[in-house]
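Okay, structure first, notes after.
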Amino acid sequence: MSRKAPTGDFDDAGMQVSEPKTWAAGVPGVTAALRRSYEQMGVGRTALTLLRVNQKRGFDCPGCAWPEGDERHMAEFCENGAKAVAEEATTRRITREFFAAHTIAELGERSDHWLGQQGRLTEPMVKRPGTAHYEPVSWDDAFSLLASELTSLGSPDEAVFYTSGRTSNEAAFAYQLFAREFGTNNMPDCSNMCHESSGSALTETLGVGKGSVMLEDLYRADLVFVVGQNPGTNHPRMLSALERAKKDGARIIAVNPLPEAGLMRFKNPQRPSGVTGQGTALADRFLQIRLNGDLALFQALNRLLLESDAPDALDREFLDAHTHGFEAFEEHVLGLDWDDVLEATGLTRAEIAATLGDVLAAKRIVVCWAMGLTQHRNSVPTIREVVNFLLLRGNVGRPGAGVCPVRGHSNVQGDRTMGIYEKPAPAFLDALAAEFGFEPPREHGLDTVDAIRAMRDGAAKVFFGMGGNFVRATPDSAVTEAALRNCRLTAHVSTKLNRSHAVTGEYALILPTLGRTERDVQESGPQFVSVEDSMGMVHASRGRLAPASGHLLSEVAIVCRLARATLPASVVGWAAMERDYDVIRDHVSRVVPGFGDFNARVREPGGFVLPHAPRDERRFPTATGKANLTVNELEVLRVPEGRLLLQTVRSHDQYNTTVYGLDDRYRGIKAGRRVVFVNPSDLAALGLADGAMVDLVSEWAGGEERRAPSFRIVGYPTAPGCAAAYFPETNVLVPLDSTAEISNTPTSKSVIVRLEPRAAGPAAD
Ligand SMILES: Nc1nc2c(c(=O)[nH]1)N[C@H]1C(S)=C(S)[C@@H](COP(=O)(O)OP(=O)(O)OC[C@H]3O[C@@H](n4cnc5c(=O)[nH]c(N)nc54)[C@H](O)[C@@H]3O)O[C@H]1N2
Ligand SMILES: Nc1nc2c(c(=O)[nH]1)N[C@H]1C(S)=C(S)[C@@H](COP(=O)(O)OP(=O)(O)OC[C@H]3O[C@@H](n4cnc5c(=O)[nH]c(N)nc54)[C@H](O)[C@@H]3O)O[C@H]1N2
Ligand SMILES: [Mo]
C-alpha cells in the first residue's frame, strides 16, 4: 500500500537543531524576508513589489486572509507574506526545454521544495497517453481536449472541479457558473480540509458560517483567546493586532500544545521599539493543552459559568431574548465529569479556575482559532462548544466580542461566498437560475474526500484543479495518487510546478496562469479582481508586474474559454465576461446578497464590508431563528500505552505544500524537515533518545497501519503525550476515511502513532 516516498524528500543531511525561540518577528524576520526576495527576484523588483503589498491601490497579499485595517503602513507585509510574494514574483522560469529534459516520473521523485524552486510555469503543456513527458500545446488545443473529454463523460457528475483559496471572486464566480451550467455541483475546495468545521458549526449555531468580528472588535476586546493557531508563522500581521489589543488593555490567553514563539512575545518590525527592544509579551496566560482537549476545556468553563455565583456570570437577558436550547445545554454541561476534563486537557483544575477568573473579569471576549480546532474528529462539536461559551455571556453581536475563525488562503472565504461549494444553498441556485436562465443541478456534489473516493472507484474521470496542489494537500497520499492516476484527464491551473502535475491521468494538462502580483489586461483594458478577507471585507486587488510569460492567461480567461469550448450552446455571455470583469461583477451584484452596487463599492479605497446578521443586528438566521446552544458529548481521546497523539503542522518556511526553505526558525530547526517533536518525559518513558531516527507508524481501527519513514526525534516542550511533525510529509499517515463528523475534514491534528526506531541512518525506504 505505502508507495515509496519521493527520494527528494530526504534532503536533511545538514540538519541542525537548536533551542526554540521565545519571541517572533523583529529584525531576523525582516532579514529573512529580504534574503528570500532578493534570491527570487533581485533587489529592484523586490522594492517595487513589496511596497505594493496590501496598499489600497496595490495587490492583495497572496499569503493569508488576515485583514489589512484602515491605517496602512508603508510596507504592510510580513516576513511570510514577503516569502509568498517572492515565490510568485520570482524571476526563475520553467520552459518547454525543462519538460523535455525531465520525464514526469522523474519530477514525481523530486521534493516539494525542489519543484517549487524551478520557477514560474510559462506555457500550456500536455501529457498524452503512453508518453513520458509533457509537451507544449496551444491554448486552443488544450481547451478542445478538455471540452471533448468533458462532453464525452457519461454524466456531468463524472467531473470534479477543485478550487484552492487564492482564486479571485471574479474567477470563482465564473468557475462555479461554468460547473453548474455544465451540470454538476462537484466543487470540492481546500476549505473542505481547512475551516469546513468552523463553517458547519457556525452556520448551525449562529446562522452565518463566517467570523463575527472586525479588527476594531479585537482592539476593543477585554480578553482574546487564541486557540489552536500559530499566528507568528501563519498570520504574522495578526500579531500587530494582538499587540494593539494589549496596549488598549486586553488580556490574551493562548491555548496550544506548543509554546509557539509568536504567541509568547512579539517584536514588531514596523516600529522602532520592535527592532531594538524586548518587544511585547503577548500571552498573559498559556494553557498548554493536550491535542484535542479543547471541547473539554470550553465545556468546563461553561460548567463553571453556570455554577458561578457572580451576579453577572451569565447574560440572562441575552440568553432569554436571543438563544434557543438553554435547558438541554445546562442539564448536559452540569453532568460534566471533572476527571474526564483533566485527562482530556492535561490542565490542572487551578489553571481552569484561574482562566474562569479572566473570563468573569472580561466584559468583551473574542475567541480566535485556526487548524488546531478544525482538523479533529470532533471539531464541529468543539467549535459549537466555543460558541456556547461566548453565548453564555452575550459575547456575540456587540462591539469587542465574537467568533473569529482565522482563515488560511487569502480568498478562501470569498470563494465560498461566490458559490464554490459542493452543497449550495437553494436560494443561491434560485438566484443563478433567475439571472442566467438555466436550471442549475440541485443535488449536492462531492467534497474533497468524496471526490478522492469517486476517482479511486472510477466514478469520476476528469479532475480539474483551479490552483492548489491536490495530491499533496489531501490525506492518504498513496490512495490519492492512485485516484488521480485512475482518471482519464487531470488538468491544473497553476502558477508554479508541484507534485500534482507529476501524478497524471491518461491525459494531463498544465494551464499556466497569472498571479496576483501581475498585470491583467483584457480586450477592454486593464482589469482588477477582488477578494474577501477573514472579516468579510471585500476589496480590489491590482497586479502591476509584467506577467511571467506572454503565454499566460488569467484564471477568468481560462474559465471563460473553457466554457465556450465545452458549452457551445451556452446561455451565458462568456466572451463579455472575459473582455471586462465589470460584467462579472454586475452578475454577482444580482446573485450574491450583500454585493449590491458591487462595481462602484469595490472601487472605493479599502472596499466595503459584507453584511453579517448576528454581528450587525443580533439576528440569527438559523433553523430556530435564534442562536442555538448545543449539547456536545465529551469523548476523551485515549491513546494506547506506548503511543503518542501526533499533529501535522506547518513550519515557518512553507506555505501549505509549497516549501520555501528547510528551516523552522522559531522552533530551532535548520536545514531539515523530517523531524518529530516529542516531550522529553515521553522520550524517557518510551526509551527513545533525542536525535534518534524513527519511523512514524500510524495505527487505525482494524489493525491498519501507515508508515512515514525516517524522522529525527527532537526533544521539545510540547504537551506530554503529544507529538508534532510537518505536513505534507506526514499526510501519508492519515487514512482517507478518518474525517471529522459533519464537516468531513481529514483529522490531520489527531493521528495516533508509535515511533519505531530505525536501525541505520536516514536512507529512504
Ligand atoms: N506562512 C504561512 N502562512 C499560512 C500558511 C502557511 O502554510 N504558511 N497556511 C495558510 C492556511 S491555508 C491556513 S489554514 C492557516 C493555518 O494556520 P494555523 O492553524 O496556525 O496552522 P498550523 O501550522 O496547522 O498550526 C496549528 C496550530 O494549532 C495548534 N494545535 C494543534 N492541535 C491542537 C489542538 O488540539 N488544540 C489546540 N488548542 N491547539 C492545537 C498547533 O500546535 C499549532 O500551533 O495559515 C495560513 N497562512
Ligand atoms: N496533513 C495536513 N494536511 C493538510 C493541512 C494540515 O494542516 N495538515 N492543511 C490543509 C489546509 S488548511 C489547506 S488550505 C490545504 C491546502 O491545499 P491547496 O490549496 O490545494 O494547496 P497549496 O499548497 O496552497 O497550493 C499550492 C499551489 O497553488 C498554485 N498557486 C499558487 N498561487 C496561485 C494562483 O494565484 N492561481 C492559481 N491558479 N494557482 C496558484 C501553485 O501552483 C502552488 O503549487 O491543505 C490541507 N492539508
Ligand atoms: Mo487552510
Side-chain angles (χ1 to χ4, degrees), residues 62-66 78-81 83-84 87-88 112 115-116 121 162-168 171 189-195 226-236 254-260 262-263 287 289-294 297 369-376 379 382 406-412 448 465-475 492-501 511-517 555 558 645 647-658 660 718-719 722 724 726-731 733-734 745-746 748-751:
C64 71
W66 189 255
C78 66
E79 173 190 356
N80 279 347
K83 288 187 209 160
E87 187 75 16
E88 180 177 300
D112 301 303
L115 293 169
L121 296 160
Y162 175 70
T163 314
S164 164
R166 277 196 194 173
T167 296
S168 66
D189 68 349
C190 68
S191 203
N192 298 147
M193 298 176 270
C194 184
H195 266 293
V226 182
V227 191
Q229 200 198 339
N230 179 19
T233 286
N234 297 312
H235 304 92
V255 185
N256 204 305
L258 295 172
E260 305 283 27
L263 293 171
L287 298 176
I289 198 161
R290 289 216 168 115
L291 286 169
N292 198 47
D294 306 270
L297 170 65
W369 72 88
M371 296 304 99
L373 283 201
T374 63
Q375 299 177 330
H376 298 275
S379 283
T382 299
V406 182
R407 305 275 163 182
H409 268 303
S410 49
N411 197 38
V412 61
T448 293
M466 179 58 79
N469 183 3
F470 193 78
V471 300
R472 284 306 261 173
T474 48
H492 301 274
V493 179
S494 310
T495 51
K496 302 283 298 269
L497 189 65
N498 63 47
R499 179 77 59 78
S500 297
H501 303 122
L511 307 171
T513 191
L514 293 175
R516 283 279 169 79
T517 51
E555 292 181 346
I558 290 173
L645 195 56
Q647 60 157 324
T648 61
V649 281
R650 293 152 172 80
S651 81
H652 194 63
D653 253 3
Q654 75 184 82
Y655 193 93
N656 298 338
T657 70
T658 300
Y660 303 133
T718 180
C722 303
Y726 303 129
F727 106 93
E729 288 83 348
T730 46
N731 289 25
L733 296 172
V734 186
T745 295
S748 309
K749 298 286 191 274
S750 0
V751 185

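Remember, it's 1-based here, ligands and their atoms both numbered in the order they're listed. Residues take their numbers from the sequence shown, with the count starting at 1. Worth saying up front: this structure is predicted, and the values here are computed from it rather than measured.
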Interfacing atoms of ligand 2 (cut-off 4.0 Å, heavy-atom, [X]):
X      : answer
Tyr162 : 17 (O), 18 (P), 19 (O), 20 (O)
Gly467 : 37 (C), 38 (N), 39 (N)
Glu555 : 34 (C), 36 (N), 37 (C), 38 (N)
Asn498 : 27 (C), 42 (O), 43 (C), 44 (O)
Val493 : 37 (C), 38 (N), 39 (N)

Report task. Anything with a heavy atom under 4.0 Å from ligand 1 counts, so go ahead and list those protein residues by chain and number. Result ->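 Its neighbours under 4.0 Å (heavy atoms only) are Cys64, Asn80, Cys194, Val227, Gly228, Gln229, Asn230, Thr233, Asn234, His235, Val255, Asn256, Pro257, Leu258, Glu260, Ile289, Leu291, Asn292, Asp294, Ala370, Met371, Gly372, His376, Gly408, His409, Gln647, Val649, Arg650, Gln654, Tyr655, Asn656, Lys749, given by chain and number.
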Within the 3.5 Å criterion, strictly below it, is a donor on [X] or [Y] matched to an acceptor on the partner's side chain?
X      : Y      : result
His652 : Thr233 : yes
Ser410 : Arg516 : yes
Thr382 : His376 : no

Query raised in the report: Under 4.0 Å between a Lys/Arg side-chain N and an Asp/Glu carboxylate O for Lys83 and Glu87?
Result: no
Requested in this report: Compute the shortest N/O to N/O distance between Asn731 and ligand 2 and return yes if it is under 3.5 Å, no if not.
Outcome: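 So ligand 2 has an N or O lying under 3.5 Å from an N or O of Asn731.
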Query raised in the report: Just distances here: any N/O of Gly468 and N/O of ligand 2 closer than 3.5 Å?
Result: yes
Query raised in the report: Do Arg499 and Asn469 pass the side-chain contact (heavy atoms from CB on, under 4.5 Å) test, and can you show the C-alpha distance, the side-chain angles, and the key distance before you say yes or no?
Result: CA-CA 7 Å; Arg499 179 77 59 78; Asn469 183 3; 4.2 Å; yes
Report task. Tell me, please: is Thr513 in heavy-atom contact with ligand 2, that is, under 4.0 Å? Result -> yes
Query raised in the report: What residues, two or more places apart in sequence or in another chain, satisfy side-chain contact (heavy atoms from CB on, under 4.5 Å) together with Thr448?
Result: Tyr162, Pro188, Asn192, Met193, Ile452, Phe470, Thr474
Report task. Look at the aromatic rings of His492 and His501 and report parallel, tilted or perpendicular, splitting at 30° and 60°. Result ->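 The rings of His492 and His501 stand perpendicular, inter-plane angle above 60°.
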Query raised in the report: Are His409 and Ser164 close enough that some pair of their side-chain heavy atoms sits under 4.5 Å apart?
Result: yes
Query raised in the report: Rounded to the nearest 0.5 Å, how far does CG of Leu263 lie from CG of Asn230?
Result: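 Here the rounded value is 6.5 Å.
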Requested in this report: Step by step, work out the side-chain contact (heavy atoms from CB on, under 4.5 Å) result for Tyr726 and Val649.
Outcome: CA-CA 5 Å; Tyr726 303 129; Val649 281; 4.2 Å; yes
